[in-house]
Amino acid sequence: GDSVTQMEGPVTLSEEAFLTINCTYTATGYPSLFWYVQYPGEGLQLLLKATKADDKGSNKGFEATYRKETTSFHLEKGSVQVSDSAVYFCALSAAKGDTGRRALTFGSGTRLQVQP
Amino acid sequence: DTGVSQDPRHKITKRGQNVTFRCDPISEHNRLYWYRQTLGQGPEFLTYFQNEAQLEKSRLLSDRFSAERPKGSFSTLEIQRTEQGDSAMYLCASSPSRSGGHTEAFFGQGTRLTVV
């Protein structure tokens, strides 16, 4: 079945450091890939997405490129801020049968802590 | 606020009791999903509705769980004879149905269930 593997946390960085959170996936067909973020006390929010190979998703300074050859979707940011402290989830969505379910399969999440 | 709303936000119940959660999706979204998230893990798919039809149920959804979406609007998730292993965050998400591609899912803030 479909699965997502992402690096374990917590990841602790100083403000303005470079961030990479690794994500690899296993799926049949051609899934869409997502990064969701969960800030303390809030619900899951979509951060960025990519729907086909070589697409780059970007938002709020974060970027991730859909790499089909390595089945990866690593999240990067050039300069993190304290306000980026949150839990980041990599996820994929693939159509299932005739129902068009397209439910998300999530990784286990990576907690990012940014220190001033 | 026109986002996905869930009620209650927190529920503490004694083992063996029944509980019911409610989800109000974004009004124009015809797809609705329930997920369960345990501590330190990503959300896991439970069940999916398209309008009022429950089209898929995960193997995680035991016979003690039932979900409904009358009239294709709000949805309820009931757990009968709760067990301590049911303690988790229950998340609801909704998305529009568009031909082709994969659309973003919008999540509620979840209902945290504690079974004592």
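Order of the sequence lines sets the chain letters (A, B, ...), proteins ahead of strands, with each chain counted from 1.
Looking at B/N18, its side chain does come within 3.5 Å of a backbone N or O of B/R81 through a donor-acceptor pair. No donor-acceptor pair under 3.5 Å is formed between the side chain of A/Q115 and the backbone N or O of A/S14.
The aromatic rings of B/H29 and B/F106 are tilted relative to each other, their planes meeting at an angle between 30° and 60°. The aromatic rings of B/Y35 and B/F107 sit tilted relative to each other, their planes meeting at an angle between 30° and 60°. The aromatic rings of B/F21 and B/Y90 are tilted relative to each other, their planes meeting at an angle between 30° and 60°.
For the side chain to side chain donor-acceptor pair (under 3.5 Å) test, residues two or more places apart in sequence or in another chain that qualify with A/T12 are A/Q113. A/E15 pairs by the side chain to side chain donor-acceptor pair (under 3.5 Å) definition with nothing, not counting sequence neighbours.
Neither the backbone nor the side chain of B/F49 comes within contact range of chain A, judged by heavy atoms closer than 4.5 Å. Using a 4.5 Å cut-off between heavy atoms, B/Q37 contacts chain A through its side chain alone, with no backbone atom that close. Using a 4.5 Å cut-off between heavy atoms, A/Q38 touches chain B through its side chain atoms alone.
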Can you give me every donor-acceptor pair (side chain of residues 60-67 of chain A, partner residue at least two apart or in another chain, under 3.5 Å) with its distance?
{"from": "A/Y66", "atom 1": "OH", "to": "A/P31", "atom 2": "O", "distance (Å)": "2.7"}

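For the options B/G40, B/A93, B/P43, heavy-atom pairs under 4.5 Å to chain A are most numerous at B/P43.
Within residues 108-116 of chain B, the residues having any heavy atom less than 4.5 Å from a heavy atom of chain A are, in residue-number order, B/G108, B/Q109.
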